[in-house]
Amino acid sequence: MQREGERHIPLEGAHNVRDIGGYPAGAGQTTRWRTFLRAASLHKLSPAGQQALLDYGLRTVIDLRYEQEVLAAPNVFAQSGAVHYVNLSLFAGTAPARARNAPPNLESMYRYILDERQAVVRTVLEVMTTDAFPVLVHCTAGKDRTGVITALMLGLAGVDHATIAEDYALTAHYGAALLDELRADAVAAGRDTATYERFLEAKPVAMLKTLAHLESTYGGIRAYLQQIGLTTTQIDQLAHILVTASRTA
């Protein structure tokens, strides 16, 4: 049995590694521990940290970063024989936040992923229907791309919107040191730091607006997943593996 305070998994060389188990999922259920992990980039994860994840049961790593990020900071599990590693970029080319016509806010970026990158979103979730769990999903900060996929999974499991948004916002705490590094990198690169700062926030409202978009545009998460091409069997499979009937599991 794990407790709420054990959600964060401190690992040498990695930030914002968290287990999404233990959240109320309705009908006396909770999300299952040791099933779905979310994290920031793993390119500096120490050998001890790698072994800790393997001991945790890790079977699959899904890297959501785009090509330049992966080349600049390769995932330590990319050539591993111990886990299945797959890179599926949720951005086309580079990050929208760095593009000339950058979206005005985070929720616009998240809508872009949900509306314009549906084929990749579908593939990410399809990977998780192939005996993939326990799975770890990550991007650079473990906040935006990882946050969207995590929100879909938590919502499918029956977790309410407020709790999904609270989970998203935990990056502000567990990813604080990494976010400070990204701020320093932006200054060194001469970026518009005021604009960039908007994309480093992790406020619940951004995720709440994203979830509201899924409801108003698609009729909710399950309907969205059906529209992007997942089968009913695949959706039910994901929902089933994410939850447990006992709140003490």
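Residues take their numbers from the sequence shown, with the count starting at 1. Note: hydrogens, waters and symmetry copies are ignored here, and every other heavy atom, side chains too, is used. Given the structure is predicted, the values throughout are model-derived calculations rather than measurements.
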Distance check, rounded to the nearest 0.5 Å: [X] atom [atom1] versus [Y] atom [atom2]?
X: Gln51; Y: Asp55; atom1: CD; atom2: CG; result: 4.5 Å
X: His161; Y: Tyr168; atom1: NE2; atom2: OH; result: 15.5 Å
X: Ile20; Y: Thr30; atom1: CD1; atom2: OG1; result: 11.0 Å
X: Tyr224; Y: Leu156; atom1: OH; atom2: CG; result: 13.0 Å
X: Arg183; Y: Leu178; atom1: CZ; atom2: CG; result: 10.0 Å
X: Asn105; Y: Glu201; atom1: CG; atom2: CD; result: 9.5 Å

What are the two closest heavy atoms between [X] and [Y], and how far apart are they?
X: Ala14; Y: Leu45; value: CB-CD1, 3.8 Å
X: Ala165; Y: Pro204; value: CB-O, 3.7 Å
X: Ala141; Y: Leu179; value: CB-CD2, 4.2 Å
X: His8; Y: Asn16; value: NE2-N, 4.5 Å
X: Leu88; Y: Val127; value: CD1-CG2, 4.1 Å

Which pairs would a plain distance check flag for residues 236-243, meaning a side-chain donor or acceptor within less than 3.5 Å of a matching protein atom at least two apart in sequence or in another chain?
from	atom 1	to	atom 2	distance (Å)
Asp236	OD1	Arg222	NH1	2.9
Asp236	OD1	Arg222	NH2	3.3
Gln237	NE2	Thr129	O	2.9

Could you please spell out the steps behind the side-chain contact (heavy atoms from CB on, under 4.5 Å) verdict for Gln234 and Leu125? CA-CA 9 Å; Gln234 289 173 319; Leu125 298 179; over 6 Å; no
Using only atom types and a distance under 3.5 Å, with no angle test, would you say the side chain of [X] pairs donor to acceptor with the backbone of [Y]?
X: Gln50; Y: Phe77; result: no
X: Lys143; Y: Phe199; result: yes
X: Arg65; Y: Ala73; result: yes
X: Arg18; Y: Asp167; result: yes
X: Thr35; Y: Trp33; result: yes

So do the side chains of [X] and [Y] get within less than 4.5 Å of each other, counting heavy atoms only?
X: Val70; Y: Asn75; result: no
X: Leu154; Y: Thr163; result: no
X: Ile9; Y: Tyr174; result: no
X: Arg32; Y: Phe133; result: no
X: Asp144; Y: Leu106; result: yes

Evaluate the criterion side-chain contact (heavy atoms from CB on, under 4.5 Å) for residue pair Arg111 and Thr210; output intermediate values, then yes/no. CA-CA 7 Å; Arg111 287 198 300 270; Thr210 302; 5.6 Å; no
Determine, using the 4.5 Å side-chain heavy-atom cutoff (strictly less than), whether Tyr110 and Val205 are members of one ILVMFWY cluster. no
Please say yes or no: joined through hydrophobic side-chain contacts below 4.5 Å, possibly via intermediate residues, are Leu208 and Ile149 part of one cluster? no
Only one of Val124, Thr123, Leu136 forms a side chain to side chain contact (heavy atoms under 4.5 Å, CB included) with Ile62, so which one is it? Val124
Side chain to side chain contact (heavy atoms under 4.5 Å, CB included) partner of Leu152, the single match among Ile164, Ile228, Ile221: Ile221
Is the ring pair Phe91/Tyr66 parallel, tilted or perpendicular, if the boundaries are 30 and 60 degrees? tilted
No-hydrogen, no-angle side-chain donor-acceptor test under 3.5 Å, Ser89 and Arg117: no
Please step through side-chain contact (heavy atoms from CB on, under 4.5 Å) for the pair Thr140 and Arg145, ending with a clear verdict. CA-CA 9 Å; Thr140 293; Arg145 291 162 284 186; 3.5 Å; yes
Measure from NZ or CZ of Arg34 to the centre of the six-membered ring of Tyr56, then state whether that distance is under 6.0 Å and the direction lies within 45° of the axis. yes
May I ask you to check if Arg7 and Tyr23 form a cation-pi contact, with NZ or CZ under 6.0 angstrom from the six-membered ring centre and within 45° of the axis? yes
Could you check whether atom CD of Glu215 has more than 12 heavy atoms from other residues, nucleotides or ligands sitting under 6.0 Å from it? yes
For Glu67, look at atom CD and say whether over 12 heavy atoms of other residues, nucleotides or ligands are found less than 6.0 Å away. no
Walk me through whether Leu114 and Thr217 qualify under side-chain contact (heavy atoms from CB on, under 4.5 Å). CA-CA 11 Å; Leu114 293 168; Thr217 305; over 6 Å; no
